[in-house]
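Bear in mind that the values here come from a model prediction, so they are computed numbers and not experimental data. Counting starts at 1 for both ligands and their atoms, in listed order.
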Amino acid sequence: MTIQWFPGHMAKARRQVTEKLKLVDIIFELVDARLPLSSRNPMIDEIINQKPRLVILNKEDMADPQMTKEWIRYFKEQGVEAVSVNSQAGNGLDKMVKAAEGILQEKFDRMRARGMKPRAMRAMIVGIPNVGKSTLINRIAKKNIAKTGNMPGVTKAQQWIKTAKNLELLDTPGILWPKFEDPETGYKLALTGAIKDSILNLQDVAIWGLRYLEDKYSSRLEERYGFKELPDDMAHVFHQIGERRGAISTGGEVDYDKVTDIIIRDVRSGQFGRLTFDITPEKA
Ligand SMILES: Nc1nc2c(ncn2[C@@H]2O[C@H](COP(=O)(O)OP(=O)(O)OP(=O)(O)O)[C@@H](O)[C@H]2O)c(=O)[nH]1
């Protein structure tokens with residue numbers, strides 16, 4: 001689901017997250033590992049207001065592994081714990097729980113010292129649309145059902161998903177809006193499917209993607225489309241891709257829409273391998 005964000009929506013989204021903050025010990029801030037910066041909500045620090053937080057770089061299977069490492073290091077340098085996961089396959093969930101335990105250890109030690117009964121940590125997932133919030137919640141819920149033998153469907157009626165692993169998760173995520181500050185962020189969000197295809201001109205999105213590939217992943221661009229460097233004339237590029245992929249009419253006309261579609265689909269389906277579109281500030 002992609003939402004068109006208006007000031008009223010943003011205020012409501014913010015209020016919904018703020019209301020639930022007091023119920024949890026920690027925020028799981030879910031971002032797309034391909035866009036660890038552009039898929040963050042621009043007001044997240046203000047919204048979560050000092051609440052402990054773990055940044056979770058989801059869809060690690062689609063992101064450049066070297067860049068994911070660099071991003072995790074970058075977040076740590078900023079004093080923010082971060083881990084990468086693949087919610088679809090369920091990889092990295094143990095690491096995620098461990099990291100959350102580490103962040104909350106002092107708080108729970110203090111509670112124990114005051115004689116309070118030990119309890120599971122309580123968490124809420126927040127993130128922009130399409131980062132994989134539901135997938136992660138379902139993964140955690142499913143694991144729990146498998147482990148405890150609960151009947152499927154039972155968890156649906158509950159507000160909390162209790163896991164065997166010392167974690168209780170609010171069953172509805174907080175949905176926040178992405179950044180809309182500069183065109184480049186918009187292109188990245190569109191290219192990875194985080195915003196509706198109708199928001200930006202898709203041909204511009206595809207061209208931005210090609211230029212990014214040329215800059216950062218030129219050998220993959222060459223392998224797939226035959227260009228190591230892109231000429232200034234983008235019509236020529238579209239023509240060549242169209243020829244390779246059968247998007248030229250019998251009269252020799254390029255079907256620009258079809259080629260646009262091919263490029264975007266190739267990026268989204270991993271045909272260029274694992275790609276990351278945000279560069280850490282120190283490397284930029
Ligand atoms: N490859 C890959 N795909 C994932 C992963 N996690 C989620 N997805 C896919 O990403 C898409 C969006 O996932 P959702 O769980 O619906 O995302 P959401 O954040 O709940 O989205 P909204 O309901 O729009 O807020 C789906 O097609 C998922 O299958 C992952 O770790 N790897």
_Proximal atoms of ligand 1 relative to N86 (non-hydrogen, under 4.0 Å)_ = 30 (C), 31 (O), 32 (N)
_Heavy atom to atom 13 (O) of ligand 1, shortest distance: which of I175, T135, D32, D61 holds it?_
T135
*Is the number of heavy atoms from other residues, nucleotides or ligands within 6.0 Å of CD (E77) greater than 12?*
yes
*In terms of side-chain heavy atoms, does T135 have a donor or acceptor partner in N138 at a distance below 3.5 Å?*
no
*Candidate with minimal heavy-atom separation from atom 16 (O) of ligand 1, of A194, S84, P173, S134*: S134
*Within the side chain of R274, is there an N or O that forms a donor-acceptor pair under 3.5 Å with the backbone of E60?*
yes
*Has ligand 1 got any nitrogen or oxygen that is less than 3.5 angstrom from a nitrogen or oxygen of V131?*
yes
*asked:* With a 6.0 Å cut-off (strictly less than), is the heavy-atom count around CD of E223, excluding the residue itself, greater than 12?
replied: no
*Taking non-hydrogen atoms only, is M62 closer than 4.0 angstrom to ligand 1 via side chain, backbone, both or neither?*
side chain
*Would one find an N or O of G132, backbone or side chain, under 3.5 Å from an N or O of ligand 1?*
yes
_Any nitrogen or oxygen of N130 lying under 3.5 Å from a nitrogen or oxygen in ligand 1? Just yes or no._
yes
_Which residue is it: V254, V259, I241? I am looking for the one with a side-chain contact (heavy atoms from CB on, under 4.5 Å) to I248._
V254
*Of all the atoms in ligand 1, which lie at a distance below 4.0 Å from a heavy atom belonging to S87?*
6 (N), 30 (C), 31 (O)
*For E101 and N166, does a side-chain donor sit closer than 3.5 Å to a side-chain acceptor?*
yes
